[in-house]
Undergrad: 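Let me begin by handing over the structure; questions about it come next.
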Amino acid sequence: MSSLNVTISLSVDFKSLGDFFIFIYHLVFATCAVLLAGSVVLGILCTRALRQQNRFIFMLNTSISDTLTGFSVYYLGLFDVQEGYPSRNSTLYILPSFLGVNVMTFLFAQFDRYLAVAHPFFYSRFIARWFVVACCVFCWVYTYLLLAIQNVLPVTQAVKLMAFGVMTLQIIVVIKVLMTIKLYIIAKHQLGREAPSPERDSKKESLRLIVFVVMCFLSLWCPSFVNIMIRYLSNGGLRFRNEATNAFAIMARFNALSTPALYIWGSPALRTAVWTKVWRRVCTPCHIRTARVFSMNMKPAKDKVLSISHS
């Protein structure tokens, strides 16, 4: 019987200081992204008041994608993987497509915030939580259904489908830019004319947060998107040894860390939920165990008598 031995080499050769830096960076980044985005997921799921708000449902969807992106870096960043053509140890774009889910989720979230602020009566009547959940599910189904069809089609048909996907992404990016400008104008002028109230502050917070998040996402993701378009539409574009050394892919994946960080920074309610529901519960048992060990070490033995002598 012949044994099957499949090994995948690491992403770098460790022949220079830069190789060590790249490997350690991906290891640290993946861990931080999983912990930070995962804490946002748990904070929203464990807090009923957040789950009942539509904007936090979108945050939950992107944070799930960011958590999976962090896990994916343990493979894409630490091992010799090349997506695309020619591929090497490829995942058939399954792992990189987590960011594609975020692209569509942010688009729906932008429309959600626009309707909530500009058309509150229509929003409260027609945009129910089940509809928001359905939009989030659609982001996953559309992204991976298109990817599954692309992977089973012949090469010539797959290229045409990929061109359709690139064109669709171009349209989405343009709409996202226009919606970002529109939301910024609403946050600056329309809400500024309303009387101060908790509802106005909540709307202003949600608008500013989605604007900042989308701007950061596009800034980090667009260079990779442009390079991919140039590579598939011409013979130009930059090519890298693997996904670990792909500077544009590294920038795009950094959204998995920056997006949940912006969520926590921009939303006091989420920040409180993440601390009380996740990190305080994790840190408190450690603190209790440390205090118990310390007290046991400081406790005198029963057979010894403590005496105080006066000189």
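Being a predicted model, the structure only gives us computed values, none of them experimental.
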Undergrad: Main chain of D80, side chain of N242: is a donor-acceptor contact present, judged purely on distance under 3.5 Å?
TA: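 The answer is no, because no donor-acceptor pair under 3.5 Å joins these two groups.
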
Undergrad: Kindly compute the distance separating CZ (R129) from CD1 (I57), expressed to the nearest 0.5 Å.
TA: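 Reported to 0.5 Å precision, the distance equals 6.0 Å.
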
Undergrad: How about P154 and Q157: do any of their side-chain heavy atoms sit closer than 4.5 Å?
TA: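 Counting from C-beta outward, P154 and Q157 do come under 4.5 Å.
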
Undergrad: Can you find a side-chain donor-acceptor pair between Y123 and D112 that sits under 3.5 Å?
TA: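 Indeed, the side chains of Y123 and D112 share at least one donor-acceptor pair under 3.5 Å.
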
Undergrad: When you measure from the side chain of S90 to the backbone N and O of L92, does any donor-acceptor pair fall under 3.5 Å?
TA: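 Yes, because the side chain of S90 sits within donor-acceptor range (under 3.5 Å) of the backbone of L92.
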
Undergrad: Quick check on the hydrophobic clustering: are V214 and Y184 connected, directly or via other members, by side-chain heavy-atom contacts under 4.5 Å?
TA: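 No, V214 does not connect to Y184 through the hydrophobic network.
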
Undergrad: Decide yes or no on side-chain contact (heavy atoms from CB on, under 4.5 Å) for T276 and R281, but give the supporting numbers first.
TA: CA-CA 7 Å; T276 57; R281 293 185 178 183; over 6 Å; no

Undergrad: Walk me through whether R55 and E205 qualify under salt bridge (charged side-chain N to carboxylate O under 4.0 Å, His left out).
TA: CA-CA 11 Å; R55 62 190 181 109; E205 172 198 310; 3.3 Å; yes

Undergrad: Angle class for the F126/F122 ring planes (parallel below 30°, perpendicular above 60°, tilted otherwise)?
TA: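 Answer is tilted, since the angle falls between 30° and 60°.
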
Undergrad: Would you say the rings of H26 and Y74 are close, in the sense that their centroids are separated by under 6.0 Å?
TA: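 Y74 vs H26: aromatic centres not under 6.0 Å.
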
Undergrad: Is it true that F14 and F20 have ring centroids separated by less than 6.0 Å?
TA: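 That pair passes the under 6.0 Å test.
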
Undergrad: Is V28 reachable from I250 through a run of hydrophobic residues whose side-chain heavy atoms are each under 4.5 Å from the next?
TA: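 Different hydrophobic clusters.
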
Undergrad: Answer yes if V141 and W130 sit in the same cluster of Ile, Leu, Val, Met, Phe, Trp and Tyr residues linked by side chain heavy atoms under 4.5 Å apart, and no otherwise.
TA: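 Linked within one cluster.
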
Undergrad: Is the shortest side-chain heavy-atom distance between K182 and L178 below 4.5 Å?
TA: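 Counting from C-beta outward, K182 and L178 never come under 4.5 Å.
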
Undergrad: Backbone N or O of L60 within a donor-acceptor pair of the S63 side chain at under 3.5 Å?
TA: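 Side chain of S63 to backbone of L60: no pair is present.
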
Undergrad: Taking Y144 for its side chain and I94 for its backbone only, find out whether a donor-acceptor pair lies under 3.5 Å.
TA: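 Between the backbone of I94 and the side chain of Y144 there is a qualifying donor-acceptor contact (under 3.5 Å).
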
Undergrad: Give a yes or no on whether the backbone of G266 and the side-chain of R271 come within a donor-acceptor separation of less than 3.5 Å.
TA: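 Not confirmed, R271 side chain does not pair with G266 backbone.
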
Undergrad: Which is it for L99 and V103 under the side-chain contact (heavy atoms from CB on, under 4.5 Å) test, yes or no, and what are the steps along the way?
TA: CA-CA 6 Å; L99 291 175; V103 171; 5.7 Å; no

Undergrad: Would you say that I228 contacts F248 through its side chain, given a criterion of any heavy-atom pair below 4.5 Å between the two side chains?
TA: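 When only atoms from C-beta onward are counted, F248 and I228 do not touch, as no gap falls below 4.5 Å.
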
Undergrad: Do I64 and F98 make a side-chain contact, defined as non-hydrogen atoms from C-beta onward lying under 4.5 Å apart?
TA: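 When only atoms from C-beta onward are counted, F98 and I64 do not touch, as no gap falls below 4.5 Å.
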
Undergrad: Could you check if a side-chain atom of M104 sits within less than 4.5 angstrom of a side-chain atom of W140, using non-hydrogen atoms only?
TA: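 No - every pair of side-chain heavy atoms lies 4.5 Å or more apart.
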
Undergrad: Determine whether a donor-acceptor pair (N or O, by modelled atom type, separation under 3.5 Å) exists between the side chain of N151 and the backbone of A148.
TA: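 Not at all, since once roles are kept as given, no pair shorter than 3.5 Å links the two residues.
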
Undergrad: Is there a side-chain contact between T91 and P96, using heavy atoms and a 4.5 Å cut-off?
TA: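 They are in contact (side-chain heavy atoms under 4.5 Å apart), so the answer is yes.
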
Undergrad: Verify the cluster assignment for L17 and L78: are they in a single hydrophobic cluster under the rule of side-chain heavy atoms below 4.5 Å apart?
TA: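 No, it is not one cluster - the side chains of L17 and L78 are not joined through contacts under 4.5 Å.
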
Undergrad: A side-chain contact here means heavy atoms from C-beta on lying under 4.5 Å apart; do W221 and M251 qualify?
TA: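 A side-chain contact under 4.5 Å is absent here.
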
Undergrad: Students often mix this up, so state it plainly: with edges at 30° and 60°, are the rings of F254 and F29 parallel, tilted or perpendicular?
TA: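 The arrangement is parallel - the two ring planes meet at less than 30°.
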
Undergrad: Please check if atom CZ in R208 has more than 12 non-hydrogen atoms from other residues, nucleotides or ligands closer than 6.0 Å.
TA: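 12 or below, so no.
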
Undergrad: Taking T31 for its side chain and L27 for its backbone only, find out whether a donor-acceptor pair lies under 3.5 Å.
TA: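 Yes: the side chain of T31 pairs with the backbone of L27.
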
Undergrad: With L36 as reference, evaluate T259, D66, I264 under the side chain to side chain contact (heavy atoms under 4.5 Å, CB included) test and give the passing residue.
TA: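 In the set T259, D66, I264, the residue that makes a side chain to side chain contact (heavy atoms under 4.5 Å, CB included) with L36 is I264.
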
Undergrad: Check for a donor-acceptor pair, side chain of N102 on one end and backbone N or O of T105 on the other, with a separation under 3.5 Å.
TA: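 No: the side chain of N102 does not pair with the backbone of T105.
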
Undergrad: Any chance you could lay out the ring-ring contact (aromatic ring centres under 6.0 Å, His included) test for F106 and F217, step after step, and finish with the verdict?
TA: CA-CA 9 Å; F106 285 137; F217 183 87; 5.0 Å; yes

Undergrad: Please evaluate residues C32 and L35 with respect to the criterion side-chain contact (heavy atoms from CB on, under 4.5 Å), reporting the C-alpha separation (whole Å), side-chain torsions for both, the decisive distance (0.1 Å), and the verdict.
TA: CA-CA 5 Å; C32 292; L35 292 177; 5.9 Å; no

Undergrad: Around M215, counting heavy atoms of other residues, nucleotides and ligands shown, do more than 12 lie under 6.0 Å from its CE?
TA: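 Count not over threshold, so no.
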
Undergrad: Would you mind reporting whether V81 and R88 have side-chain heavy atoms less than 4.5 Å apart?
TA: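 Not touching, per the 4.5 Å side-chain cut-off.
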
Undergrad: Would you please classify the geometry between the Y25 ring and the F21 ring as parallel, tilted or perpendicular, with 30° and 60° separating the classes?
TA: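 Ring orientation of F21 relative to Y25: parallel.
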
Undergrad: Would the distance check show the side chain of T67 and the main-chain N or O of V34 forming a donor-acceptor pair, the cut-off being under 3.5 Å?
TA: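 Side chain of T67 to backbone of V34: no pair is present.
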
Undergrad: Main chain of L161, side chain of Q150: is a donor-acceptor contact present, judged purely on distance under 3.5 Å?
TA: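 No, Q150 side chain to L161 backbone: no donor-acceptor pair under 3.5 Å.
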
